[in-house]
Amino acid sequence: MTSASPTAPAEPGRDIMREQRGAVAGLSWALGWVGAIVAIVVTALSAASAVTLAGVPDPGWITTYGLPTVTAVGEVSAAIALGSAVFAAFFVPPQKDGVLDVGGYRAIRIAATASLTWCICAILLIPLSVSNVSGQPLSASLKPSNLVNAYSQVADARTWLWTAIFAIAAAAAARVIMRWGWTIGVVGLLVLSLMPMALAGHSSTGGNHDVATNSLILHIVGATLWMGGLFAVVTYALADGRWRTLAVRRFSRIAFWCIIVVGISGVINALVRVPIGDLFTETYGRLVVAKVVALVILGSLGAWHRRVTIARLDGDSAERSTFVRFGIIESLVFAATFGLAVGLSRTPPPAGESADISAVESQIGYRLDAPPTFGRILADWRFDLIFGTLAIVLAVVYLRGVVRLRRRGDDWPVGRTVAWILGCVLLLFATSSGLGRYSPAMFSIHMISHMLMSMMIPVLLVLGGPVTLALRALPPAGRDNPPGPREWIQTAIHSAPSRFLTHPAIAAVLFVGSFYLLYLGGLFETVVPYHAAHLLMNIHFLLSGYLFYWLVIGIDPAPRQVSPVAKLGIVWGSLPFHAFFGVALMMTSAVIAEGYYRSLNLPWNLDLFADQRVGGGIAWAAGEVPLVVIMLALLVQWRRQDEKQARRYDRRAVRDHDADLENYNDMLKELNRHR
């Protein structure tokens with residue numbers, strides 16, 4: 001078994017392999033065309049009203065029906081690509097040397113082909129979107145000059161261009177990788193390829209677009225992973241893969257949570273856009289009801305699979321074919337649901353919202369009628385579907401691990417649990433309380449949230465020791481068994497990317513250098529109007545802070561072992577630059593992102609320069625509290641390390657009857673004798 005390619009399967013012959021590849025290709029095309037046909041039918045019902053409301057000329061039938069057709073085929077391809085990449089990464093184990101086995105190799109190659117198809121569809125959607133927005137025929141939109149101008153004028157053109165970039169990167173990576181570890185990168189690129197689509201459309205404009213966009217992100221990722229994972233396990237069972245039962249059971253766990261995420265996020269997104277009274281009277285509302293019915297059907301089929309067919313996968317071929325047949329039916333229902341979703345995106349929502357929304361509501365999605373006060377910061381909550389949900393999930397999963405240890409009779413330090421829960425509570429407060437509500441509208445409030453996300457929350461999360469808890473709570477896979485979550489964590493810790501990111505210079509630059517680039521380098525002024533930018537900033541603050549403090553005060557196993565003295569040097573060498581940043585921010589003569597903050601027209605936030613100085617003061621003073629916590633943690637760790645070394649020395653002295661001391665005394669006696 002070499003590291004160049006996976007071992008070829010011994011049992012099926014070449015003709016059988018060719019038939020299996022043909023079956024996979026046939027199922028892929030069937031899913032794409034089912035989604036396209038449903039999207040065309042739905043578009044035909046709403047095309048006239050969409051053109052009328054848009055106020056543009058009819059671009060012609062090629063654009064009208066080509067746009068939903070290509071979109072449906074592309075989205076089905078994206079689902080197949082993501083599901084196949086996740087399958088190769090987590091559903092089947094690699095070979096012992098880390099090279100993908102036959103099932104993983106086949107899945108990652110399917111992901112490469114599907115990603116390329118997704119890229120081609122995204123490229124085709126650029127001129128189709130330009131034609132749809134401008135009302136010109138497709139032939140006019142295909143002119144190079146029009147395509148170049150479209151990038152700056154048509155938002156959909158930028159959306160599909162970025163989608164194509166991420167998709168082609170995923171296709172190239174999936175085509176060349178052979179080792180298991182790199183499949184995670186393909187999964188990440190494919191998730192990124194879904195983000196431009198999730199951040200555009202009906203949910204990205206109007207009132208409550210923050211809630212609508214966040215719910216759409218969860219909805220699209222959950223639905224794509226659900227359908228793609230089903231396709232991957234069905235085709236693997238069709239090929240009679242060795243680990244089919246393991247793969248289906250792992251997918252079943254993911255599918256269960258996908259059902260919950262897709263259902264809840266879909267309901268939230270629909271309630272934002274459609275009044276309950278319009279669900280059965282408007283075309284948009286009827287399509288929402290149809291999607292709900294499809295979700296119920298899919299959930300029922302999945303539950304039936306879980307109870308009946310999974311247990312029969314290790315039986316004879318007739319019992320395995322039952323799973324495959326019903327899996328294909330479920331996949332076709334999924335494709336039709338994707339077609340409904342595409343048609344829904346082409347259907348104008350009911351005109352239930354007032355067109356005369358305030359400037360601040362248009363920019364950030366909700367109204368701010370009064371200035372922030374201590375009471376409003378504490379009580380005026382607006383739940384963040386991304387980070388608020390993340391905080392709750394992190395707390396629940398951590399406590400579940402602690403309970404598992406307790407039931408097993410193992411102890412877990414209470415202080416670590418308290419630190420983790422406090423970090424989760426602060427994450428929830430920073431993003432969902434009045435602090436998170438006012439953060440997009442005022443620079444000073446934004447800076448408070450920023451400091452919590454990068455300076456305080458990561459400290460508490462790191463002190464919680466989540467990796468150590470996971471390694472103790474998760475059962476080992478056992479010898480000759482396929483690796484599980486515990487082994488995945490260990491591999492991730494000791495991987496090359498982890499060693500690179502935990503280099504002291506890299507971690508410090510990511511943590512401190514990003515402040516200067518973002519606020520003093522002009523980047524903040526460019527990106528602050530976009531909801532996606534706020535999500536990315538929060539993700540960066542949280543991850544870069546966690547990475548830095550994991551290196552400095554982390555109690556979890558890390559790729560690099562750093563002595564307490566070196567950790568102290570990293571802290572004293574990095575945090576002064578953070579204080580300098582706050583001073584530089586206070587001394588800046590120009591208002592950062594002045595155009596954006598002026599456009600909000602907040603009558604109680606007229607002195608933007610004074611608000612910016614307050615934000616600079618907050619940044620300057622924010623490093624003091626984490627510095628105290630860090631110093632205390634380092635002192636405690638230093639003392640515990642000395643105690644461990646002392647105990648180790650005492651145990652060794654007991655074993656060898658204090659041989660080191662005896663040797664030392666003998667050396668002194670010899671010196672005295674010669675003297």
Side-chain angles (χ1 to χ4, degrees), residues 24-25 27-36 38-39 67-89 107-126 128-129 156 159-175 183-201 216-235 251 254-255 258 261-262 265 298 331-346:
V24 171
L27 178 58
S28 302
W29 280 107
L31 295 178
W33 282 112
V34 166
V38 173
L67 189 66
T69 300
V70 177
T71 304
V73 173
E75 291 185 5
V76 170
S77 300
I80 293 174
L82 180 60
S84 299
V86 171
F87 181 91
I108 204 65
R109 291 301 180 264
I110 293 174
T113 304
S115 298
L116 181 60
T117 306
W118 177 219
C119 172
I120 294 172
C121 290
I123 293 174
L124 293 175
L125 285 167
I126 295 175
L128 286 170
S129 299
D156 287 346
T159 295
W160 294 118
L161 179 60
W162 279 105
T163 299
I165 292 172
F166 289 127
I168 194 62
R175 189 66 185 86
T183 57
I184 310 299
V186 178
V187 173
L189 287 171
L190 286 169
V191 171
L192 286 176
S193 74
L194 300 175
M195 292 300 102
M197 180 176 59
L199 294 167
L216 189 60
I217 291 173
L218 297 174
H219 191 76
I220 288 178
V221 174
T224 303
L225 178 58
W226 186 8
M227 178 186 176
L230 176 64
F231 173 89
V233 296
V234 167
T235 55
F251 164 73
I254 292 178
C258 285
V261 171
V262 171
S265 61
L298 290 169
S331 298
L332 292 173
V333 175
F334 247 126
T337 307
F338 270 53
L340 279 174
V342 172
L344 188 66
S345 67
R346 298 279 296 144

Straight-line distance of [X] [atom1] to [Y] [atom2], nearest 0.5 Å:
{"X": "Ile123", "Y": "Leu128", "atom1": "CD1", "atom2": "CG", "result": "12.5 Å"}
{"X": "Phe334", "Y": "Leu230", "atom1": "CZ", "atom2": "CG", "result": "6.5 Å"}
{"X": "Leu116", "Y": "Cys121", "atom1": "CG", "atom2": "SG", "result": "9.5 Å"}
{"X": "Ser84", "Y": "Leu190", "atom1": "OG", "atom2": "CG", "result": "9.5 Å"}

Trp160 side chain near Ser129 side chain, heavy-atom distance below 4.5 Å: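 Contact flag for Trp160/Ser129 side chains = yes.
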
Check: Leu298 and Trp226 side chains under 4.5 Å, non-hydrogen atoms: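 Side chain of Trp226 against side chain of Leu298, heavy atoms only: contact under 4.5 Å found.
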
Polar side-chain atom of Arg175 near backbone of Ala111 as donor-acceptor pair, under 3.5 Å: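 The answer is no, because no donor-acceptor pair under 3.5 Å joins these two groups.
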
Flag, side chain of His219 to backbone of Ser265, donor-acceptor distance under 3.5 Å: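 Answer holds: no.
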
Single hit among Val233, Leu225, Val234, Val86 for side chain to side chain contact (heavy atoms under 4.5 Å, CB included) with Phe251: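 When Val233, Leu225, Val234, Val86 are each tested with Phe251, the side chain to side chain contact (heavy atoms under 4.5 Å, CB included) holds only for Val233.
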
Among Val70, Thr71, Val73, Leu67, side chain to side chain contact (heavy atoms under 4.5 Å, CB included) partner for Leu124: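 The option that passes is Val70.
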
Side chain to side chain contact (heavy atoms under 4.5 Å, CB included) between Thr163 and Trp118, worked out: CA-CA 8 Å; Thr163 299; Trp118 177 219; 3.3 Å; yes

Chi angles and distances behind the side chain to side chain contact (heavy atoms under 4.5 Å, CB included) call for Ile110, Phe231: CA-CA 11 Å; Ile110 293 174; Phe231 173 89; 4.1 Å; yes

Distance-minimising heavy-atom pair for Thr224 and Leu82: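 Taking Thr224 first and Leu82 second, the nearest heavy atoms are CG2-CD2, 3.8 Å.
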
Closest approach of Ala223 to Phe338 (non-hydrogen atoms, all atoms of both residues):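 Taking Ala223 first and Phe338 second, the nearest heavy atoms are O-CZ, 3.9 Å.
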
